[in-house]
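What follows is a set of notes on a single structure, which appears directly below.
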Amino acid sequence: QVQLVESGGGLVQAGGSLRLSCVASGRTGSPYVMGWFRQAPGKERECVAAISRGTRFTYYTDSVKGRFTISRDNDKNQGYLQMNSLKPEDTAVYYCAAHYGTLPKREDSEYTYWGQGTQVTISS
């Protein structure tokens with residue numbers, strides 16, 4: 001069992017920045033792949049970014065390319081999502097997730113472990 005806890009959400013104006021953090025704990029070792037998902041009211045949950053355990057392979061959804069950066073520190077069992085140039089449409093609850101696959105996955109069904117979510121609100 002792996003537990004994930006997100007932090008770093010908040011309220012910022014459009015054009016601002018936030019960094020989300022995800023800390024993992026448990027006795028099963030670090031998952032091979034971690035990702036960030038978000039869900040806004042009335043919308044489906046979507047994968048924002050994902051990264052392999054060795055950090056070589058990454059995925060970003062088109063709407064955040066060039067603005068968001070995913071990273072991880074395996075020694076600290078932590079993952080990060082740096083969000084720059086934030087837009088009102090980025091407003092959502094953001095979730096950290098992980099699975100034991102090899103390549104980053106976009107489908108939420110592929111992920112085994114989930115955090116509780118952290119609210120990100122961008123004002124216009």
Side-chain angles (χ1 to χ4, degrees):
Q1 181 69 34
V2 175
Q3 293 81 44
L4 305 177
V5 179
E6 307 96 332
S7 62
L11 172 64
V12 298
Q13 288 187 303
S17 298
L18 284 173
R19 190 185 76 158
L20 305 183
S21 298
C22 173
V23 60
S25 62
R27 299 180 179 179
T28 59
S30 299
Y32 301 144
V33 173
M34 67 89 62
W36 288 94
F37 288 75
R38 67 185 180 188
Q39 187 167 28
K43 297 185 65 178
E44 296 290 327
R45 182 188 295 162
E46 66 171 337
C47 183
V48 175
I51 188 169
S52 61
R53 191 174 189 274
T55 74
R56 179 176 179 181
F57 304 103
T58 59
Y59 161 80
Y60 296 95
T61 192
D62 287 344
S63 64
V64 309
K65 287 181 179 177
R67 299 189 298 120
F68 291 10
T69 303
I70 189 171
S71 62
R72 64 192 296 169
D73 186 336
N74 293 331
D75 290 338
K76 297 181 179 180
N77 294 317
Q78 288 188 323
Y80 308 95
L81 184 68
Q82 179 67 46
M83 305 186 294
N84 299 325
S85 301
L86 285 162
K87 303 175 180 180
E89 53 261 43
D90 296 318
T91 295
V93 177
Y94 284 70
Y95 299 89
C96 180
H99 67 83
Y100 285 103
T102 302
L103 297 176
K105 302 292 185 179
R106 307 173 187 176
E107 300 82 7
D108 56 2
S109 62
E110 296 288 337
Y111 289 81
T112 304
Y113 306 106
W114 293 84
Q116 83 289 347
T118 185
Q119 178 70 49
V120 171
T121 302
I122 313 302
S123 63
S124 59

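Computed over heavy atoms, backbone and side chain alike; hydrogens, waters and symmetry mates excluded.
In plain terms, the two heavy atoms of Ala40 and Ala92 that are nearest each other are N-CB, 3.8 Å. Between Ala24 and Leu4, the shortest heavy-atom distance links the atoms CB-CD2, 3.5 Å.
Under the 4.5 Å side-chain criterion, counting only non-hydrogen atoms from C-beta, Val12 is in contact with Ile122. Side chains of Val2 and Tyr100 form a contact here, defined as non-hydrogen atoms less than 4.5 Å apart. With a 4.5 Å cut-off on side-chain heavy atoms, Thr91 and Gln119 count as touching. Counting only heavy atoms from C-beta outward, the side chains of Ile70 and Met34 approach each other to under 4.5 Å. Using a 4.5 Å heavy-atom cutoff, the side chains of Thr102 and Val33 are not in contact.
For the salt bridge (Lys or Arg N to Asp or Glu O under 4.0 Å) condition, the pairs that include at least one residue of residues 97-123, sequence neighbours left out, are Arg45-Asp108. For residues 35-94, the pairs satisfying ring pair (Phe, Tyr, Trp, His ring centres under 6.0 Å) are Phe37-Tyr111, Phe37-Trp114, with sequence neighbours left out. Applying the salt bridge (Lys or Arg N to Asp or Glu O under 4.0 Å) test to pairs two or more places apart or on separate chains, none has a residue in residues 4-19. Among pairs with a residue in residues 90-102, those fulfilling salt bridge (Lys or Arg N to Asp or Glu O under 4.0 Å) read Arg38-Asp90, Arg67-Asp90, at least two apart in sequence or across chains. The stretch residues 55-124 participates, sequence neighbours left out, in these disulfide bond (SG atoms under 2.5 Å apart) pairs: Cys22-Cys96.
Annotation: side-chain contact (heavy atoms from CB on, under 4.5 Å) contacts of Thr55 (sequence neighbours excluded): Ile51, Arg72. Partners of Lys65 according to the side chain to side chain donor-acceptor pair (under 3.5 Å) rule, which considers only residues two or more places apart in sequence or in another chain, are Asp62. Remark: Ser85 engages no residue in a side chain to side chain donor-acceptor pair (under 3.5 Å) (not counting sequence neighbours). Checked against side chain to side chain donor-acceptor pair (under 3.5 Å), Asn84 has the following partners two or more places apart in sequence or in another chain: Ser17, Gln82.
Note: Leu103 CG to Thr58 OG1 = 11.5 Å, rounded to the nearest 0.5 Å.
Through chains of ILVMFWY side-chain contacts below 4.5 Å, Val5 is grouped with Val23.
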*With side-chain contact (heavy atoms from CB on, under 4.5 Å) as the test, would you mind laying out the steps for Met83 and Leu20 before giving the verdict?*
CA-CA 8 Å; Met83 305 186 294; Leu20 305 183; 3.7 Å; yes
